[in-house]
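Notes follow the structure.
So that the names make sense, note that chain A is the first sequence line, chain B the second, and so on, each numbered from 1. Quick caveat: nothing in here was measured; it's all calculated off a predicted structure.
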Amino acid sequence: MSKNSKILIAEDDPFLGKIMGNYLKDEGLEVDTAKNGAEALDLIDKNGYKVILLDLVMPVKSGFDVLEELKKKKNKTPILVFTNLSQKEDEKEVMALGATGYYVKHNTAINDLLKIVQSYL
Amino acid sequence: MSKNRKTKANKKNILHKYSEQDIDNFKIEISILKDAYFQLKETKSELQESEDSYKILFENSHDIIQNVKPDGNFTFVNKAWIEILGYSLNEAKKMNIWEIIHPEHLQHCKKIFSGLMNGKDIGLIQTKFITKKGKTINVEGNISIRIKNGKIFSTHGFFRDITDRKKSEKDLAKAHNELEYKVKKRTAELEKEKASAEEKARKLDEMKTATLNILEDMEEAKEQLIEKENKFRALFEGAGDTIFIVKMDQKNAPYIIDINSRALEMFGYTHKQMLKSSPLSFAPIMQPDGKSSKEKTIENIKFVLRGETKVFEWDFLRSDGTQFSTEVTLNRVKIGGEFFVQSIVRDITARKEIDRAKNEFVSLASHQLQTPLTAIKWLLQVLLLKEKMTKQQHSLIEEALESNERMIRLVDDFLNVSRLDMGTIVANSQKTDFIKFTENLVIEARILAKERRQTIKFIKPKNKLTVYLDKNLISQVILNLLSNAIRYSDPKKKIVITIKKLAKTVEISIKDQGIGISKKDQKKLFAKFFRTDRASEYSTTGSGLGLYMIKKIIKVCKGHIKINSRPGKGSTFTVTLPIKGPVSKKEDARDLIERPIGKL
């Protein structure tokens, strides 16, 4: 896997972030984690990622904010939104902001998460 | 005369033989005889005279006089008899009485005659004679008897022709009858007139009574009206909502003709300022949905004047310029034969705030709940995937995962129900290949069915079927129904899902061989949190929200759902959806809002 095959997980819930991170690492992926939108934007600026897993409801800067800023920066990195907001309206808004995929966390099995991520690598 | 001559010749012979003495004696005797003779002669003459006068009487009598022997033969009839009965005297002498008696009276007359022969007094009799020419004459008279040597030898009958009298009597009777008839007729007419007059009088009386009753009723109605008016006025004035009575003028401009005191509080104007004003002067130019207040108002008023009721949310302006949210109910009311629009305005600022807060709370709560539930889910899944454990440990983790899944579903359902209840869900119809869409759902459901070794048969139309529907909402409906069919049927049972195209709708029916639902339970089936006892017993999981949501979603999508089921015989749920999709309006979703008004 190339140097930029790293993925970023932006997730404010530490426990959830840890489970996701550990699982993907176990599967051989390089993973960075951000606790909020602001941290995520910093890391993206610094490192550049192959895939970004983005939560929506986060402190300081939300997933929506991140998407907006990345859209401005003409981002090309696939952004997979993993959220617990299951409303269609949210999905529409997110896709309009340039997200690549929209997944409802509680409806997604962890091995499916892996498959989804792998499909973008 | 010959006798006298003989006596003279005898006298001459006798004079030669007898002495003077003898002659003198003779002379005396002769003189005596002469006297006796003259006396006799005189008597005879008197008798003759008497007889003549009787005869004259008889002959000149207008009455019928007849002498009849006991054997019935006539011995004498008078002139009147001959004239009236038409027989000649000679003919009469050969006839008997029975020949002139009318056959009708024959029996009766024979009886009388025989009575007479036996010495009975028969008094005045009336009978009918028949003339030679066959004419019937009515007679009245009497019969006397003549006795010789103690034996009846003849009868004298005196009869008077009373035909004319009878006729007169008859005529009189007729006249009398006619008169009587006329009198009766006239009486009847008079009676009728009287009855008619009485009827008229009675009707007048009735009318009078009715009028009086009406007046009384009116008086009562008036009193009741006053009472009602007072009651309504109290209701009107005491209402917690603003009530406007609005009229449309000829130019289709609405103006307020009555308001209650609550309006003054709500809007901050005086009675005078509000009355006769347009309700539009208290609304912003635009409503929150971006539509013109004026256009919407006129449209709504016209709609309501057709007899419909309209409930909608509306923003108004207070006298200080602040805007506030209301819910308006428009009704058509009839006052004095004229139609007006009654507008009930409820300030829903507080409710809106509560709705917003509730919405936020539910979203946040469910989101906050879903995060740790997802963490547990993924952790357990990782454990199952990565860790080596005993079979027992594995199955325990699987059970924990299953419980966690249920929790996730439940929280999801709560969120969905909450959103449905708030009416924030609107059907977003998309052109859909309905067979393909359903097939994908069937494939998804088959995974679940496989676990229970059940099969799902899919019956579909041959031709492509395009339906406009909200895929997200309808997939929830179909998956939910399929999952119920699976969940409430024994293993190895069959489930059949059928799609049928009807004229303007599409029908999806899901048939199972499951536990079934009683008629009693079917009535409550779509109520929030309702589960049948049998269902709870059969499957401990289940929130009682599934069918409630289905019903709500179907309502949003302008469809119908019906159930056909019998306990132990399985159930069939049939959903009907409009092929062209629901005509999506924001009001539609508002129909779903369920809130007890009294609590707000």
field: Spacing of CG belonging to B:N472 relative to CD belonging to A:E91, to within rounding of 0.5 Å
entry: 8.5 Å

Which portion of B:L415 sits near chain A, non-hydrogen atoms under 4.5 angstrom: side chain

message: Quick one, B:N428 and A:K92 - any side-chain contact, counting heavy atoms below 4.5 Å?
response: yes

Approximate separation, where rounding is to 0.5 Å, of A:I110 CD1 and B:K377 NZ: 10.0 Å

- request: Heavy-atom distances under 4.5 Å only: say whether B:L385 touches chain A with side chain, backbone, both or neither.
  value: side chain

query: Just wondering, more than 12 heavy atoms not from B:Q393 lying within 6.0 Å of its CD?
result: yes

- prompt: With a cut-off of 6.0 Å (strictly less than), are more than 12 heavy atoms of other residues, nucleotides or ligands near OH of B:Y468?
  reply: no

query: Which one of A:D13, A:D55, A:N84 satisfies the side-chain hydrogen bond (donor to acceptor under 3.5 Å, both in side chains) criterion with B:T371?
result: A:N84

message: To the closest 0.5 Å, what do you measure between OH (A:Y23) and CD (B:Q381)?
response: 8.5 Å

task: Answer yes or no: are there more than 12 heavy-atom neighbours, outside B:K450 itself, under 6.0 Å from its atom NZ?
output: no

message: As an exercise: rank A:T108, A:N22, A:D12 by heavy-atom pairs under 4.5 Å with chain B and give me the winner.
response: A:T108

task: Check the pair A:N107, B:R409 against side-chain contact (heavy atoms from CB on, under 4.5 Å), reporting the backbone distance first and the verdict last.
output: CA-CA 9 Å; A:N107 288 340; B:R409 295 278 87 78; 2.4 Å; yes

message: Can you tell me which portion of B:D412 sits under 4.5 Å from chain A's heavy atoms? Options are side chain, backbone, both or neither.
response: side chain

field: Reported CZ-to-OG1 distance for the pair A:F15 and B:T374, which is rounded to 0.5 angstrom
entry: 11.0 Å

message: Checking the side chain of B:W378 only, and the main-chain atoms of A:H106 only, is there a donor and an acceptor separated by less than 3.5 Å?
response: no

message: Nearest 0.5 angstrom please: A:K105 NZ to B:L373 CG, how far?
response: 11.5 Å

